[in-house]
Protein chains: 2
Amino acid sequence: MTLSEEDYIKTIYHLSDFNSKSVATNAIAEQMKTKPSSVTDMVKKLSEKSLVNYKKYQGVSLSEKGRLVALSIIRKHRLWEVFLVDKLNFSWDEVHVVAEQLEHIKSDTLIDKLDAHLGYPKVDPHGDPIPNKDGVFTKSVKKLISELPVGSQGVCVGVNDSSAAFLKFLDKNKIALGDTFKILEIEEFDGSVTISTRSGSISISKQIATNLFLEIVDEE
Amino acid sequence: MTLSEEDYIKTIYHLSDFNSKSVATNAIAEQMKTKPSSVTDMVKKLSEKSLVNYKKYQGVSLSEKGRLVALSIIRKHRLWEVFLVDKLNFSWDEVHVVAEQLEHIKSDTLIDKLDAHLGYPKVDPHGDPIPNKDGVFTKSVKKLISELPVGSQGVCVGVNDSSAAFLKFLDKNKIALGDTFKILEIEEFDGSVTISTRSGSISISKQIATNLFLEIVDEE
DNA sequence: ACAATTTTTTAGTTTTGTCTAAAATTTATT
DNA sequence: AATAAATTTTAGACAAAACTAAAAAATTGT
Ligand SMILES: [Mn+2]
Ligand SMILES: [Mn+2]
Ligand SMILES: [Mn+2]
Ligand SMILES: [Mn+2]
């Protein structure tokens, strides 16, 4: 597998919503910052290798083989992210770009030994689950703050938007993975939400509420 | 810089004997397992970027700029080798192939933090020095066992041949970096050398003697 | 010195992944 | 249902990095 093929497979996986549903050529092109005609060429090639299911004008979906390739790349990406944060003291908003490169290093031994060295982590620094060698991972029952009713309580376990800008914003506002939040009030007018934290209660905008995942502890 | 350009620069550096002397097209082709015509094409390209000095039919040498690029790649290669051995428990004969990939990861922050994490090592697992950020490194005064007279004593600090086969041979014969050896006898007939180790004295063939470096402690 | 050999370069292809422009197909609108 | 708009594919071209075959230059042997 070439680096480029791997990037296409990963993009198709993410756009198909972990659901192996059909993805549009234009969507892939936009995500990969390339042209639709280039996507068509590559999709044909991936189809030849039976990594994707493809019929002209019908969109593309990952085959089971392709899904396993995607999960193996995602496993590597997330393990490297854990390494960068836990061992090299990167902050969680810096690791993604470096992991984009490291995920393409080819060595099964390397990734096994890295996994062991990190103590077999289950999630990456953004709260996303790390698949095992066979592509199996536990999809946690997490919900966006914006989807929860007043009174819900849970542990912050992930972000929807993992851009450096958003992650920096969270750091500045002392919101971190592992924090426990309770929904105190939802403002109908603008969708902003008041939540309680250890250090008191704060109000977060609707935009923030739609980008933070809680793992529900208690739903009164 | 592309991955391929980096590999050419590194090869030219090694073939020029760390000496910026002129290297033959055929030598590069052989080392890189490619054809001389491909080398000529690439050398022209590197010359355009003033990474090498090149005149038709005159061979090629690294410019100062090219030398610094080479040292930066070698720095990365050797730091990753230390990481693989010290942190991930690779054995020293397995690390080279993986480091060949890792050396191309582009992130200054990454390599700085890796260096710190490893405790700023001075040499890699094969005894080769690690250049600092500015390309400065201490060239140790090491000599091949085959070049030393009877009575010499020194610490084993490096290998000339770093193939997996040779490194495995050393492990099997309980020869490791850091061991102290003394030259007891040199057999004129076949060039084999008897050396004393902690565990007794052993005889090594001429071929081994020309591939092990000692840092001289005492030369009687 | 000059012919033979070796080394190096040039010229012309190939493969991978990209692009633009145009054609084909599907989807949306009246 | 017909037309307009958007999406997708095809056709043809290009840059990077490799190759083969042939030409040019340098080196070696007599
Ligand atoms: Mn990431
Ligand atoms: Mn992540
Ligand atoms: Mn090495
Ligand atoms: Mn080494």
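In the text below, chain A, chain B and the rest are named by the order of the sequence lines, each starting its count at 1.
- With rounding to whole Å, A/Asn26 atom CG is found 11 Å from D/dT9 atom C1'.
- Here the straight-line distance linking atom NE2 of A/His77 with atom CD1 of A/Ile130 works out to 10.0 Å at 0.5 Å rounding.
- When the nucleotides C/dT8, D/dT10, C/dT18 are ranked by their closest atom to the side chain of A/Lys44, D/dT10 comes out on top.
- Comparing C/dC19, D/dT10, C/dT10 by their closest approach to the side chain of A/Ser38 singles out C/dC19.
- Look at CD on B/Glu6: it is 15 Å from C1' on D/dA16, rounded to the nearest Å.
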Does the ring-ring contact (aromatic ring centres under 6.0 Å, His included) test come out yes or no for A/Phe83 and B/Phe83, once each step is laid out?
-> CA-CA 12 Å; A/Phe83 168 72; B/Phe83 168 73; 5.1 Å; yes
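- Here the nucleotide nearest the side chain of A/Gln58, chosen from D/dA18, C/dT26, D/dT10, is C/dT26.
- Separating the OH atom of A/Tyr54 from the P atom of D/dT8 is a distance of 10 Å, rounded to the nearest angstrom.
- In the set D/dT9, C/dC19, C/dT8, C/dT8 carries the atom at the smallest distance from any side-chain atom of B/Thr40.
- Remark: the B/Thr25 side chain and the C/dT9 base include no donor-acceptor N/O pair separated by less than 3.5 Å.
- Rounded to whole Å, the distance from CE on A/Met42 to P on C/dT15 is 16 Å.
- With hydrogens and angles ignored, no donor-acceptor pair under 3.5 angstrom links the side chain of A/Ser37 to the base of C/dT18.
- Within the structure, salt bridge (charged side-chain N to carboxylate O under 4.0 Å, His left out) pairs that include any residue of residues 126-137 of chain A comprise A/Asp112-A/Lys133, A/Asp128-A/Lys142 (at least two apart or interchain).
- One can place NZ of A/Lys55 at 16 Å from P of C/dT25, the figure rounded to the nearest angstrom.
- One finds no side-chain N or O of A/Ser4 lying less than 4.0 angstrom from the OP1 or OP2 phosphate oxygen of C/dT16.
- For the pair A/Asp41 CG and D/dT10 P, the computed distance is 9 Å after rounding to whole Å.
- Between the NZ atom of B/Lys49 and the P atom of D/dA16 there is a distance of 8 Å, given to the nearest Å.
- In this model, no donor atom of one side chain and acceptor atom of the other lie less than 3.5 Å apart for B/Asn89 and A/His117.
- Toward the 5′ end of DNA chain C lies the nearest nucleotide of A/Tyr8, the other residue of the pair A/Lys56 and A/Tyr8 mapping further downstream.
- For the residue pair B/Leu102 and B/Trp80, the shortest heavy atom distance occurs at O-NE1, 3.4 Å.
- Atom pair B/Glu30:CD and C/dT8:P shows a separation of 11 Å (rounding to whole Å applied).
- Across D/dA25, D/dC19, C/dT7, the shortest atom-to-atom separation from the side chain of B/Tyr57 is found for D/dA25.
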